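Chain A is the first sequence line, chain B the second, and so forth, proteins listed ahead of strands; every chain is numbered from 1. Please read all numbers here as calculations on a predicted model, not as lab measurements.
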Amino acid sequence: GQQLNQSPQSMFIQEGEDVSMNCTSSSIFNTWLWYKQDPGEGPVLLIALYKAGELTSNGRLTAQFGITRKDSFLNISASIPSDVGIYFCAGIRSNDYKLSFGAGTTVTVRA
Amino acid sequence: DGGITQSPKYLFRKEGQNVTLSCEQNLNHDAMYWYRQDPGQGLRLIYYSQIVNDFQKGDIAEGYSVSREKKESFPLTVTSAQKNPTAFYLCASREEGGMNTEAFFGQGTRLTVV
């Protein structure tokens with residue numbers, strides 16, 4: 001079943017606002033990945049994290065690999081209309097290389 | 001261009017028929033994955049393969065089958081035993097041999113049972 005708990009499930013935000021979402025798990029992960037999916041398309045990789053405590057940015061996106069290796073956070077600063085979509089976290093464990101996903105956070109931006 | 005290709009983009013199947021979804025990658029990746037996505041839902045793992053001629057069941061393997069005869073190909077068959085096959089199917093690949101590798105997705109196949 002689903003190993004990653006992603007929250008919030010959905011959010012409505014004003015253009016220009018900052019957005020935060022997170023994923024938690026009872027398992028330890030060696031890699032955390034964050035994806036964005038547009039309707040009818042495959043997910044596109046946004047940020048990859050490989051070390052506990054790592055903080056990585058990609059433009060207005062910033063993600064962190066939690067110190068406990070059981071959680072990760074994604075922040076979007078100064079949101080714009082094209083940020084609309086579904087954001088997924090994904091984790092890879094060291095013992096089986098299985099790639100598991102959170103349930104997704106749906107972001108809708110009010111212009 | 002390097003990438004991962006799924007075909008067809010749209011597929012219609014009659015009830016009781018088997019159907020095979022194609023996934024091909026030219027990224028020289030060892031690991032490949034199949035996921036199912038239902039409307040408003042996340043990605044659920046069907047099968048994954050870490051190496052040629054080897055694959056493991058994911059969380060919802062019942063009613064599906066796969067093969068991995070070539071490194072670049074990982075076809076998924078949706079059998080008549082799958083009771084609710086209508087969904088969006090996504091294939092991904094990842095370089096193996098370490099944890100520090102990203103997974104990349106194809107554009108998906110939308111399967112509809114008619």
Using non-hydrogen atoms and a 4.5 Å limit, figure out which bit of B:Gln6 sits close to chain A: side chain, backbone, both or neither. neither
Bottom line for A:Gln37: the part with an atom under 4.5 Å from chain B's heavy atoms is side chain
A:Phe101-B:Phe105 aromatic ring centre distance below 6.0 Å: yes
Heavy-atom distances under 4.5 Å only: say whether B:Ala103 touches chain A with side chain, backbone, both or neither. both
Salt bridge between B:Arg94 and B:Asp30, side-chain N to carboxylate O under 4.0 Å? no
Checking A:Leu45 against chain B: side chain, backbone, both or neither under 4.5 Å from a heavy atom? side chain
Portion of B:Gln41 that has a non-hydrogen atom of chain A nearer than 4.5 angstrom: backbone
In terms of side-chain geometry, is the basic nitrogen of A:Lys98 or B:Asp59 positioned less than 4.0 Å from the acidic oxygen of its partner? yes
Within 45 degrees of the ring normal and closer than 6.0 Å to the centroid, is that where the cationic atom of A:Arg69 sits relative to A:Phe29? no
Tell me whether A:Asp83 is salt-bridged to A:Arg60, with the criterion being a basic N under 4.0 Å from an acidic carboxylate O. yes
